[in-house]
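To start, the structure under review is shown below, and the notes come after it.
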Amino acid sequence: MRRAIFFRFIEVLLAALFLNCILFFLVTNTLLLKDSRNNMQYMLSLTDSILDYKNAYEETEDVLKSLDLSKGPQGSRLTIVDLDGNVLLDSGVTDETQMENHADRKEIEEAKTLGVGHASRYSKTLGKTMLYTALLSHDGQHILRMAMPFAGIQENLVLFLPAFWLSFVISLMVCIVIADKFSRSISDPLDEIARQMGRMNEKHMELEFETCEYPEINVIVETTMKMSADLKAYLEQIERERHIRQEFFSNASHELKTPLTSVRGYAELLESGLITEESVKKDFLERILSETKHMANLINDILMISQLETREMEVVKTEVDVREVLLEAVDTVSPMAAERNVIIHTNCQQILFYANVQQLKELFNNLLSNAVKYNRTDGAVWVSAEKLDTGICIRVRDTGVGIGKEHINRIFERFYRVDKGRSRKMGGTGLGLSIVKHIVNYYGGTITVNSVPDIGTEFIVVLPAQKQEQKQGK
């Protein structure tokens, strides 16, 4: 890359030098032309001032000869014509009558109208470009014209060449040094970015760059560092998810293994024939049925979470009476609340919300069952739902054991238990809050937890209003 930048920079500088040379020759040639015309006009003015157009022809001719134009460039000549264009005198010829009329010459026409005229033409006779300047005489009846060869800067080109080549070589050497420095100033930061990126791996994710003099490269550096930080965060997220999956499989295996072990033990005892009492057999069968129900609930909860995550679940949404769903959930957990003497307070007016009724039931059931399970004996639970301009807000508050700050960020993980011994004793699958979190995410809502250990916990769920045209989930 540095080589490409170097040569491209040299190309640009050479083009600039070449263009500069062309402009130099054009400007110099223009200045020489202007200077030559001014000198010719001065000589004509001087000649006009000393001529006496009333004297005899011979006297005027003697004045012209006294100017001695032979000392000027070869082919220089002075001509006097009348206003009709007839040549009266010419320093270059002896018989003016043989000369053609000059009335149509550009410089003559300009002199008659403007007082001074200029023109340049190629002379086939002399094989040169001739410069013409004409001046209207002071008596207004004659026109003086001077002609001289004009080659412009070409006459002095040989003199300019050594200086030109010297300046060109010096400029080229300076350009090479500047081009090398410029190319390095661009390529070195980019090479450093490439080296830093090459060092990136799971153990080395931090990139360090020095500030560059070019804002554009600094943008690349900032973007690269942002990408590095995003990649680091992504890898950390993958590692967390891997850890969560590992815990999930471990916990799921344990949760399924425990009831399976119980079912197998009771079944083997019944099969062995050692149990003869009907009441014991009935108790064993009830235990087997209870454990199978627990396994079925666990599998159903896992499937629900999977479907909510992948959005493969076919969801039918309708206008749901939130108050009716809330009261139904309260009836469901009332037996558990009665056992612990927990009072449930409800506060909800009739609210219609476009949603899936089964998902709302799962949300209320899991929040209320947790509030009762982890409450104190003779405790209380407050559940409310209110309509917002943008959706609905559901609050469930209890007077339970509370949750420590170190557990708040993990309580929605599958099978995560704050107090494992107490949680298993209370029953359940350990997936309730995870299901709540997935349902809230499904509707694009938010869930907030406020908890103080030994005082109580409050869950606040906000679900935004859903569009009526969305009949099915994805």
Side-chain angles (χ1 to χ4, degrees), residues 21-160:
C21 291
I22 293 176
L23 291 175
F24 170 77
F25 285 121
L26 290 176
V27 172
T28 303
N29 192 70
T30 301
L31 292 176
L32 287 175
L33 176 62
K34 183 179 181 180
D35 186 62
S36 298
R37 286 178 172 176
N38 289 337
N39 290 336
M40 293 170 68
Q41 184 176 339
Y42 175 76
M43 291 182 65
L44 289 175
S45 298
L46 185 62
T47 303
D48 180 56
S49 65
I50 63 176
L51 286 178
D52 185 3
Y53 297 99
K54 295 180 180 180
N55 291 335
Y57 173 85
E58 290 79 4
E59 293 181 4
T60 303
E61 186 176 18
D62 291 339
V63 173
L64 292 180
K65 290 179 180 179
S66 68
L67 294 176
D68 194 10
L69 294 176
S70 61
K71 293 181 180 180
Q74 185 178 3
S76 299
R77 46 198 291 197
L78 183 62
T79 307
I80 298 178
V81 300
D82 59 20
L83 297 181
D84 295 329
N86 299 313
V87 178
L88 302 178
L89 287 172
D90 191 294
S91 63
V93 299
T94 56
D95 186 5
E96 290 80 359
T97 59
Q98 301 298 321
M99 297 184 68
E100 60 185 10
N101 189 280
H102 284 30
D104 60 344
R105 305 295 168 85
K106 179 176 178 291
E107 67 276 9
I108 300 298
E109 292 177 349
E110 289 182 358
K112 286 193 293 184
T113 56
L114 303 176
V116 179
H118 301 284
S120 58
R121 293 185 295 275
Y122 180 76
S123 174
K124 294 182 179 179
T125 304
L126 297 176
K128 299 178 181 179
T129 298
M130 299 296 292
L131 188 62
Y132 300 93
T133 298
L135 179 70
L136 184 65
S137 64
H138 63 270
D139 66 350
Q141 302 299 316
H142 301 82
I143 294 176
L144 287 77
R145 189 189 75 165
M146 178 172 286
M148 67 168 53
F150 180 76
I153 198 173
Q154 298 177 8
E155 293 181 348
N156 302 312
L157 190 59
V158 177
L159 298 176
F160 281 111

Working to the nearest 0.5 Å, report the span between [atom1] of [X] and [atom2] of [Y].
| X | Y | atom1 | atom2 | value |
| --- | --- | --- | --- | --- |
| Gln141 | Leu88 | CD | CG | 11.5 Å |
| Thr133 | Glu110 | OG1 | CD | 10.0 Å |
| Leu83 | Ser137 | CG | OG | 7.5 Å |
| Ile108 | Thr113 | CD1 | OG1 | 11.0 Å |
| Gln41 | His118 | CD | NE2 | 5.0 Å |
| Leu136 | His138 | CG | NE2 | 10.5 Å |

### Charged N-O contact under 4.0 Å between Glu100 and Arg105
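Judged by the 4.0 Å cut-off on N to carboxylate O distance, Glu100 and Arg105 do form a salt bridge.
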### Message
Minimum heavy-atom separation for Ser120 and Leu131, please, with both atom names.
### Response
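The pair with the smallest heavy-atom distance is CB-CD1, 4.1 Å.
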### Task
Output, in order, the C-alpha distance, side-chain angles, deciding distance and verdict of side chain to side chain contact (heavy atoms under 4.5 Å, CB included) for Leu44 and Leu78.
CA-CA 9 Å; Leu44 289 175; Leu78 183 62; 3.3 Å; yes
### Query
Between Val81 and Arg145, does a side chain to side chain contact (heavy atoms under 4.5 Å, CB included) hold up when you go through it step by step?
CA-CA 8 Å; Val81 300; Arg145 189 189 75 165; 6.0 Å; no
### Query
Between Arg121 and Glu107, is a side chain to side chain contact (heavy atoms under 4.5 Å, CB included) present by the stated rule, with each step listed?
CA-CA 11 Å; Arg121 293 185 295 275; Glu107 67 276 9; 2.9 Å; yes
#### Entry: Heavy-atom donor-acceptor pair, Lys128 side chain to Phe150 backbone, under 3.5 Å
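Answer holds: no.
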### Task
Look at the side chain of Asn39 and the backbone N and O of Asp35, then say whether any donor-acceptor pair between them is shorter than 3.5 Å.
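At least one qualifying donor-acceptor pair exists.
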### Task
Answer whether the closest heavy-atom distance between the side chains of Met130 and Pro149 falls below 4.5 Å.
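Yes; the side chains approach each other to less than 4.5 Å.
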#### Entry: With Ile80, the side-chain contact (heavy atoms from CB on, under 4.5 Å) member among Thr47, Asn86, Asp90, Leu51
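Of all the options given, the one that passes is Leu51.
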